[in-house]
Structures are given as C-alpha cells and as structure tokens.
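Any value given below was found using the heavy atoms of this structure, including those in side chains, with hydrogens, waters and symmetry copies removed.
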Amino acid sequence: MDLDPEDVFKDEEDDPDNEFFQQSESSKEYVVYLVDASRKMFSTTCPGNDQKDETHFHTAVSCIAGSLKTQIISRSYDEVAICFFNTREKKNLQDLNGVFVFNVAEREHLDRPTARLIKEFDCIEESFMREIGSQYGIVPGSRENSLYNALWVAQALLRKGSIKTADKRILLFTNEDDPFGSLQDAAKKDMTRTTLQRAKDAQDLGISIELLPLSRPDSEFNVSTFYADLIGLDGEDLAQFMPSASQKLEDMKDQLRKRMFTKRVVRRIGFHIANGLSIELNTYALIRPTVPGAITWLDSVTNHPLKTERSLICEDTGALIQEPPKLFQPYRNENVKFLPEEIAEIKRISPGKLRLLGFKPLSCLKDYYNLRPSTFVYASDQEVVGSTCIFIALHRSMLKHNRFAVAYYGASNHPQLVALVAQDEITSAGAQMEPPGMHMIYLPYSDDIRDDEEIFPDTEEDAPRADEDQIQKAAALIKRIYVKDFSAFQFANPALQRHYAVLQALALAEDDIPETTDETAPDEEGLTRPAVVRAAEAFKHSVYGDSYDEESDMGKEKMSEASRKRKAIAENAAKDYDWGNLADKGQPYLERIQLNNSR
C-alpha cells in the first residue's frame, strides 16, 4: 500500500478529526423566533428606514428576514424555526390554539434556513391575514393563553440536540408589555403564574429566552410589568435593558444581529494554578478575519451536501481493508511503520493545558509582543465546579495590582509562553462594550523579534530625517483627519459584501443584485473641509516648499534602470521588422521572432 510519507508528520490543525474541529462543528445554535401577531402589532406604527411609518409586525418580519439571509451564508449549520402566536389559525405538533409554526415543504420545523424559506417568508405580509390571520391576545372570559402555548411549542421545537453541544434560544418580538392586562384578579394571577413557570421550565432545560421589545410612539415598553420576571431581569440589569422608544429599524436589526452572532467557544482548556488546584476555561476568538465560505459539493438531484468517504482497497485482491491503515516513514532503505495513535502520541508534546508560572508588572508587556490575534478566556463551571469563583478572585487581584500572569500553554502542535491580561467590563449607555475576562497573548520567541538595524543595516545613513516643523505639521494633519471612537466593527469588507450580495441574488433567484456600500472609501466630503485643506497645504509646503508643482511632478516618469532597458529592447525589436513584407508573405510575427532566435 503506497501512502505519502509526507503526511505522517503533518500538523493536527490540518486533520478534520482532531478535537478542535470536532468541538467547532458541535457548537451549533438552535433558535426559535416567537413573533406576536396580535392586532396591536398591525395597528401600531413607527418610523422606518425611509422615514415612512411601518407596522411593528413589518419591523419584526424584516429583522428576521435580514438575519436569515446573513445566517444562511455565515453560519448555515445553525437551525431556526419561525413561530407566530395570537393567530386565528393554528399549526403545531401539539395542536394548541393561537400558535402557527411557519415552514415550507421538504423542511422540518426546526432546520437549516433555505432559499425557499427566505423567499416565502419575505412575502408573508401579503398573505398573512388571508392564510394565517390575527386575533386579539388574551381576552377576558377565555382560558386560552396564547403566550403559554407559544412557549410550550418553542420548547418542544428545541428538544432537538443536547445543551452540551448546542446553544438553544428563543427570541420574542412583541409590543405588548402586559399580555394579561385585560384580565382581573384570580384569572390574571393564575395565567401569570403558569406562564412564568413554563418559561422557568424552558430555562431549566438550558433554553435562554431573549426579549426584543417594540415601543409604541406614545409610550415606552415597560419591561418591569411582566417580562422582567419571565426573562429574569432585576436590579441594574432591569434599568439598563430597555432600549429607547425612538429606536429605528436599522438599530433593531443591528441589535438582533449582535444577539444572533454570539461568541462561540473555540475549545475548553484546563488552567493549572498551583499544586492540586485547577480550573476550567472557555476560549473565544473575539476578532478574526472573515473569508468567503468554503466550497460545498451538492447532489445535482436533491441539492443536499455530499459527504466524502474514503475506503482502502487491497491492490492484490481488490477487497476492502478493514484494519486501520498504517503510515510509514522511509529510513535507511526501510519503511518504518506507525499506527495513527503512535503518530498522535509522538506529536503530543504536552497535555494541552495552561500552567501558571508567575506574575509580572504590566509595564513589562510590550506592544510588539502581540504578533498574532489574542484569545479571550473566561471560566466555566460545566466540568469543574467553582472555576468561576476562583477565576474572578484571580481577575480582580490582577486588576488591583496591575499585573499580568505568565503561563505555559502546552498546545499539542505549538507549545509556547503566553501572557494572561485581565480586562475589566466596559459599558456605555447601558450596553456592554467589552466583557470582563482575560486576553491570552501569545508571547514571541527571542528570534521572532528583529531590531531595525538588523533588518535594514545599510539605510541608516541614507534615510531622510524630518525636522521639527515637518513633524508638527504632520501631527496637525493627522489630528484633523483622525477618526474618533474608531472600531473595526464600523467598516464592512466591500469585497465580501459584494460576494454575499451575488450569492443572495443567485440563491433567491433575484433579478437585481443588492447594492453594497464601500465603507472603506475615502470620505471626500470630510477631506474638503477648510480646516483639513489648510492642514494638508501646510504639511505639503513644509515638506516640498512653496515652489513645489504637483502636476509637473506627477507627469514625470519614474522608471527603474531595468524598466528602461526592457522598454528600449521592445522599441528596437519593433523597428527591425518590415511589417508590410511580413503581411504580404503571411508570416506571423511570433514565427519570425523564433526564426531569428534560432539563428
């Protein structure tokens, strides 16, 4: 059996069967959208994206449609279900009144979003009243509790999968802050108690319930009336939860998008602090470059993804080989055979845990040590109970004394020293901007850092130096064009946005490709402000002088010596031929060159 010996010692990062890939694939997300379809959702309006009044039902539907279009590209393995409550018609497995689960053919109720689902959901407003219908919420004299039924249906939809391998969430859209406001005394207390108990039962099963309230123009959504108890808000969290009543449609979409794309656990690692004391940490990749999705091969008939399977066949007998394959490495004219388990053991330098070595002042951690994106870590009590308590104590102590921890990270393929830098929570306007935790910075080896003199040894004397006036003028220009409160999340990759727009048009069979805005283009209007123009002119005069002519300088041809030689050869070669004679004889130009070269 001939196998490539170079594959024997390849990195585990290239192996789809290793722990990292298995854990990444297992971190799926199951989401059920619960949308209130009562009459109040259709009668209440709010300013839309184009300043026209839009109903709250349209706001919820457009938010869900936008997130589905993004999700089908960025995280197509997640599964979703769309459920309306306070409806005239009913459609659910439990046959409960007032709940309608929206779906399309050839798809389970909780499944991956498909192009057909998105296309039909985009048009649901046109046919909603005719096919599904709306009714008033909980009314006096009726024992029907549509909110209770909706939570029951959502919980049943989320029975799929395990909470250890998937995040399960219910996103609730409504503009009714008191669903039992029309009831009196005992009936109201009874329905409130049973609904809160149903929500608690769902949360005990690992299902999180998140509220997306829609405020009416004349009054703000009062979350403390009922929903604070349903989703478990109190104290400071309750005061900071409610968004502004004037929140626009695009703000709601951004809010939903942030909730949909939560930070996923990359992997879980052990953190050995001292003798006999270890805790468990979850690692997160906060910022990574986004790239187009990998190519997926589909069946031409069913359009389902194809799964590649490999079978080993004996070259002599043609029979399938059932025993595990053996790898080999040539050594002194012999093939030394290895089992896959032996190769994995050889490459495993350490058990893959963090081991605390000590602490150092933050001043010892230089900026240029951060050569690759850091990893964010936070404690987890899933396997080791008490990890969060120990982690918080260590986190607070490091912040108090301005210290960072030095640890040995025994990654199986690349062990190295790391710095654990504590980060305190940062909030703004009631929203969390930065989470509390620690950044794991991968410290470089000594030969990873080079001095400038070592890299450019011959340019020290020839390098031009700016004088003090030029430095001041440059600083003034930078100050004028400086972007305040800059964040990498403010700008989208225009190439990726165009790529996704083309994919969306193809998948949904749209005639026009959605327009994309290049947010990285220069701000031409901002650069023409008088203060910016004056600062730019002052910097140009300080560097080039008053007699500098920009147009004449741009017209000068700056070519290297090699470029001039190539251009001269090309011009002389063209003069050596009688083009008319070549055309009369029908002799190609390339053939003529080849004949001259052969001579």
Listed by chain and number, what are the ring-ring contact (aromatic ring centres under 6.0 Å, His included) partners of His395, not counting sequence neighbours? none
Which atom pair, heavy atoms only, marks the closest approach of Gly526 to Val532? O-CG2, 3.7 Å
Side chain to side chain donor-acceptor pair (under 3.5 Å) with Glu131: which residues, sequence neighbours excluded? none
Under the ring-ring contact (aromatic ring centres under 6.0 Å, His included) rule, what pairs show up with a residue in residues 150-172, not counting sequence neighbours? none
Is the ring centre of Phe128 less than 6.0 Å from the ring centre of Phe57? yes
Applied to residues 94-113, the ring-ring contact (aromatic ring centres under 6.0 Å, His included) test, sequence neighbours excluded, yields Phe102-Phe121
Going by the rule side chain to side chain donor-acceptor pair (under 3.5 Å), which residues pair with Asp36 if we only count those two or more places apart in sequence or in a different chain? Ser38, Asn86, Thr174
Got a sec, which residues hit side chain to side chain donor-acceptor pair (under 3.5 Å) with Asn493, two or more places apart in sequence or on another chain? none
Partners of Lys90 by salt bridge (Lys or Arg N to Asp or Glu O under 4.0 Å), sequence neighbours excluded? Asp95
Considering residues, nucleotides and ligands other than Arg107, do more than 12 of their heavy atoms fall under 6.0 Å from its CZ? yes
Quick one: closest heavy-atom pair of Val104 and Leu117, and the distance? CG1-CA, 3.9 Å
Can you confirm whether Met438 sits close enough to Phe391 that some side-chain heavy atom of one is under 4.5 Å from a side-chain heavy atom of the other? yes
Taking Thr55 for the side chain and His58 for the main chain, is one N or O donor matched with an acceptor at less than 3.5 Å? yes
Can you name the residues that form a salt bridge (Lys or Arg N to Asp or Glu O under 4.0 Å) with Lys189, not counting sequence neighbours? none
Which heavy atom of Glu176 sits nearest a heavy atom of Tyr227, and at what distance? O-CE1, 3.2 Å
For Phe180, ring-ring contact (aromatic ring centres under 6.0 Å, His included) partners two or more places apart: Phe226
Centres of the Tyr378 and Tyr284 rings: under 6.0 Å? no
Between Ile64 and Val35, is there a side-chain heavy-atom distance shorter than 4.5 Å? yes
Ion pair Arg268/Glu383, N-O distance below 4.0 Å: no
So for atom CZ, which belongs to Arg112, do other residues, nucleotides or ligands contribute more than 12 heavy atoms lying within a distance under 6.0 Å? yes
Tell me, yes or no, whether the heavy-atom count around Glu515 atom CD, taken from other residues, nucleotides or ligands under 6.0 Å, exceeds 12. no
With sequence neighbours excluded, tell me which residues meet ring-ring contact (aromatic ring centres under 6.0 Å, His included) with Phe85. none
Output all residues satisfying salt bridge (Lys or Arg N to Asp or Glu O under 4.0 Å) with Asp190, sequence neighbours left out; order by chain, then residue number. Arg143, Arg193
Does some side-chain heavy atom of Ile269 sit less than 4.5 Å from a side-chain heavy atom of Thr283? yes
Step through the shown structure and confirm whether more than 12 heavy atoms of other residues, nucleotides or ligands are within 6.0 Å of CZ on Arg396. no
With sequence neighbours excluded, residues passing side chain to side chain donor-acceptor pair (under 3.5 Å) with Lys188: none
